[in-house]
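Heavy-atom basis, side chains included; hydrogens, waters and symmetry copies ignored. Because the structure is a prediction, the values reported are computed rather than measured. First the proteins, then the strands, lettered A, B, ... as listed; each starts at 1.
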2 protein chains.
Amino acid sequence: MSTLILIVEDEEDILELMEFNLGREGFETMGFLNTKRVIEVLEEEKVDLILMDRNLPGTEGSEFVASLRRSGINTPVIFISAKDKDEHIEEGFERGGDDYLTKPFSMKELVLRVKAILRRTQKTSTEGNVTYRDITLNLASRTVIIENSLIELTKLEFDLLYALMGNQNIVLDREYLLEHVWGGDEMYQDRTVNVAINRLKEKIDPDKSKEYIKTVRGVGYTLC
Amino acid sequence: MSTLILIVEDEEDILELMEFNLGREGFETMGFLNTKRVIEVLEEEKVDLILMDRNLPGTEGSEFVASLRRSGINTPVIFISAKDKDEHIEEGFERGGDDYLTKPFSMKELVLRVKAILRRTQKTSTEGNVTYRDITLNLASRTVIIENSLIELTKLEFDLLYALMGNQNIVLDREYLLEHVWGGDEMYQDRTVNVAINRLKEKIDPDKSKEYIKTVRGVGYTLC
DNA sequence: TACTACTATCACCGTTTGATTACAATAGTT
DNA sequence: AACTATTGTAATCAAACGGTGATAGTAGTA
């Protein structure tokens with residue numbers, strides 16, 4: 001899943017330069033010399049960030065963004081402009097810009113500001129997932145997806161699976177699991193882990209064909 | 001619920017100037033001349049934004065922020081510095097900064113960048129609508145529309161629903177909800193949340209056919 | 001094969017947790 | 001003041017969860 005950046009900039013050489021530099025950083029870009037077809041694109045494609053020149057012939061870039069906002073499009077925007085007076089900065093921000101670059105700017109700063117904005121806005125979408133083979137855990141939603149279908153786990157089962165998945169290829173002994181999954185000060189028997197593992201196995205692999213969790217006799221359990 | 005900005009700046013007159021200008025815009029500020037007591041404050045108070053001078057005597061501001069990030073504190077940061085070379089900008093961003101201001105800067109630009117970051121991070125603080133399935137919240141008018149008809153919610157119910165809708169697919173535990181919805185310093189019981197959720201459910205889905213809010217046993221609640 | 005040590009599995013049942021209702025306290029309104 | 005709306009807390013109930021003991025199973029070893 002790559003990141004798509006839409007650029008509106010009427011100076012063709014600058015546009016190319018921006019596309020080149022962002023492309024080199026692994027971003028996908030779509031460049032436009034004016035705002036004509038931009039709305040259609042925004043409706044069709046999942047655009048992650050817009051770089052918008054404010055000094056466009058015809059429409060003002062900030063006016064265009066303001067109209068996007070009115071129609072409910074909240075894609076983040078970085079304005080680009082030669083104007084560097086406070087009043088213009090203000091106007092740009094007020095109309096829904098997330099950042100501001102004034103020409104001339106270095107390509108390095110462009111890339112850095114782009115990354116900073118994306119870091120802020122993309123959060124949570126990809127972070128917080130753990131994967132092992134065809135199992136995916138999402139920590140935030142506490143969901144478990146196996147082979148594209150949702151599996152229901154109890155809190156203990158989820159925590160247990162998370163402990164195992166966060167330590168792939170490492171054998172976790174019962175003492176460790178009781179400490180980290182069960183936690184607290186209560187004393188439990190080692191056997192408790194066996195039963196919990198068993199219940200977990202039953203849920204994530206009912207027909208026992210996958211063998212996700214391997215028992216290491218005399219030690220503990222592991223995903224490997 | 002006001003916005004709290006924490007400022008670390010060793011030049012006392014500049015610090016005062018910043019506090020004055022941000023205060024005038026309705027922000028609460030806490031100023032520090034060094035990083036000594038900052039961590040304690042971050043742990044106690046809900047800080048919305050940090051303004052961090054990089055040229056501090058002793059610790060580098062960016063190094064300090066890097067250590068915050070390592071300990072899991074993700075409060076947004078704007079770096080302030082006299083250094084304006086690319087390499088330093090880069091270092092600031094890489095270490096978890098969200099924006100960068102170089103001295104000398106105008107108070108107007110400071111305020112604008114602060115607002116821009118807050119807009120981005122606090123999401124839809126007052127602007128815009130939030131939707132989930134056939135529920136639409138309007139933050140400005142604090143109204144709730146479900147299936148095209150208006151639903152009356154109390155303040156608490158609205159705030160609770162907003163918290164859930166602003167964190168779709170994320171399980172919110174009771175502690176989080178008490179902190180963010182109830183706020184304040186009072187101590188409430190976890191059970192308080194149950195009852196509030198129950199009342200909210202009754203209003204948004206009287207015949208219990210929609211199942212908007214899912215209970216995650218042992219953890220909390222989520223919209224999913 | 002026989003023995004041993006460890007593990008899987010099952011069923012039971014106490015504990016925990018959440019839903020729901022009722023009540024009390026408080027604040028806001030008329 | 002009387003009334004109403006709001007919301008925290010207590011009480012009750014039902015259900016889910018999970019720890020434990022008993023028993024069966026299995027791998028390792030001689």
Side-chain angles (χ1 to χ4, degrees), chain A residues 142 144 151-164 171-224, chain B residues 142 144 151-164 171-224:
Chain A
R142 295 187 68 89
V144 183
I151 306 290
E152 296 271 350
L153 293 186
T154 69
K155 172 174 155 52
L156 181 72
E157 287 157 358
F158 186 90
D159 293 343
L160 181 55
L161 181 54
Y162 177 48
L164 290 164
V171 182
L172 304 178
D173 60 39
R174 295 179 175 72
E175 192 185 354
Y176 175 94
L177 290 169
L178 286 172
E179 171 81 26
H180 289 81
V181 177
W182 278 256
D185 309 318
E186 332 289 321
M187 282 302 295
Y188 298 102
Q189 308 178 11
D190 281 4
R191 197 175 331 154
T192 298
V193 179
N194 298 19
V195 179
I197 286 280
N198 204 271
R199 286 169 174 153
L200 176 58
K201 278 184 180 173
E202 174 64 26
K203 288 203 186 171
I204 63 178
D205 182 22
D207 46 1
K208 298 174 176 42
S209 57
K210 305 289 196 58
E211 304 196 337
Y212 297 114
I213 299 173
K214 184 181 163 197
T215 303
V216 181
R217 203 179 168 81
V219 188
Y221 300 90
T222 185
L223 283 192
C224 62
Chain B
R142 294 184 67 87
V144 184
I151 305 290
E152 294 275 347
L153 292 186
T154 69
K155 166 176 160 48
L156 181 72
E157 287 157 358
F158 185 90
D159 292 344
L160 181 55
L161 181 55
Y162 177 46
L164 290 164
V171 180
L172 304 178
D173 59 38
R174 295 179 175 73
E175 192 185 355
Y176 175 94
L177 290 169
L178 286 173
E179 170 83 25
H180 289 81
V181 177
W182 278 256
D185 308 318
E186 333 288 321
M187 281 301 296
Y188 298 102
Q189 307 177 6
D190 280 4
R191 229 172 293 154
T192 298
V193 180
N194 296 24
V195 180
I197 286 279
N198 207 254
R199 287 168 176 154
L200 176 58
K201 276 184 180 172
E202 175 64 26
K203 289 205 185 166
I204 64 178
D205 183 21
D207 48 1
K208 297 174 175 45
S209 57
K210 305 289 197 57
E211 304 195 337
Y212 295 115
I213 299 173
K214 184 180 161 198
T215 304
V216 181
R217 182 171 246 270
V219 187
Y221 298 91
T222 186
L223 282 192
C224 64

Just call it for B/E157: base, sugar-phosphate, or nothing, with non-hydrogen atoms closer than 4.0 Å on any strand.
-> nothing
Roughly how many Å is it from CD1 in B/I197 to C1' in C/dG18, rounded to a whole number?
-> 11 Å
Selection from D/dG28, C/dG18, D/dT20 that lies nearest to any side-chain heavy atom of A/R191 | D/dT20
Distance test, side-chain N/O of A/T154 to OP1/OP2 of D/dG18, below 4.0 Å | yes
Whole angstrom is fine here: how far is it from CZ in B/R199 over to P in D/dG8?
-> 8 Å
Could you please name the option among D/dT20, D/dG8, D/dG28 that lies closest to any side-chain atom of A/R217?
-> D/dG28
Rounded to whole Å, CG of A/L200 lies from P of D/dC17 at a distance of 14 Å
Closest to the A/R174 side chain: D/dG19, C/dT7, C/dG18?
-> C/dT7
Which nucleotide sits closest to the side chain of A/T215: D/dT6, C/dT7, D/dG18?
-> C/dT7
Counting only side-chain N and O atoms of A/Y221, is one of them less than 4.0 Å from OP1 or OP2 of C/dA8?
-> yes
Verify the contact: side-chain N or O of B/W182 to OP1 or OP2 of D/dT7, cut-off strictly under 4.0 Å; return yes or no.
-> no
Between D/dT9, C/dA8, C/dC6, spot the one nearest the side chain of B/V195, thanks.
-> D/dT9
To the nearest 0.5 Å, what is the distance between CD (B/E186) and OG1 (B/T192)?
-> 11.5 Å
Between C/dC6 (C1') and A/E175 (CD): distance, integer Å = 17 Å
Is atom OH of A/Y162 surrounded by more than 12 heavy atoms (other residues, nucleotides or ligands) closer than 6.0 Å?
-> no
Quick note, B/K155 side chain, CB onward, closest among C/dT7, D/dT9, D/dT7 is D/dT7
If you measure from OG1 on A/T154 to CG on A/L160, what distance do you get to the nearest 0.5 Å?
-> 9.0 Å
Residue pair B/I213, B/L164: steps toward the side chain to side chain contact (heavy atoms under 4.5 Å, CB included) verdict = CA-CA 8 Å; B/I213 299 173; B/L164 290 164; 3.9 Å; yes
List the steps and the verdict of side chain to side chain donor-acceptor pair (under 3.5 Å) for B/Y221 and B/R174.
-> CA-CA 8 Å; B/Y221 298 91; B/R174 295 179 175 73; 3.2 Å; yes
For A/E157, which of A/R142, A/R199, A/K201, A/K203 qualifies under salt bridge (Lys or Arg N to Asp or Glu O under 4.0 Å)?
-> A/K203
Any B/K201 side-chain N or O less than 4.0 Å from OP1/OP2 of C/dA19 = yes
Atom pair distance, as rounded to whole Å: CG in B/N198 and P in D/dT12 | 18 Å
Whether A/D205 side chain and A/K210 backbone form a donor-acceptor pair below 3.5 Å | yes
Roughly how far, to the nearest 0.5 Å, is CG of A/L161 from CG of A/L156?
-> 11.0 Å
Over its full length, what angle do the end axes of the helix from C/dT1-D/dA30 to C/dT30-D/dA1 make, each axis taken from five pairs and the result rounded to 10 degrees?
-> 30°
Tell me: CG of A/D190 to P of D/dT20, nearest whole Å?
-> 11 Å
Atom pair distance, as rounded to whole Å: CG in A/N194 and C1' in D/dT20 | 12 Å
Rounding to a whole Å, what distance do you find between A/L156:CG and C/dT15:P?
-> 18 Å
The nucleotide from D/dT20, C/dG18, C/dT7 with an atom nearest the side chain of A/Q189 is D/dT20
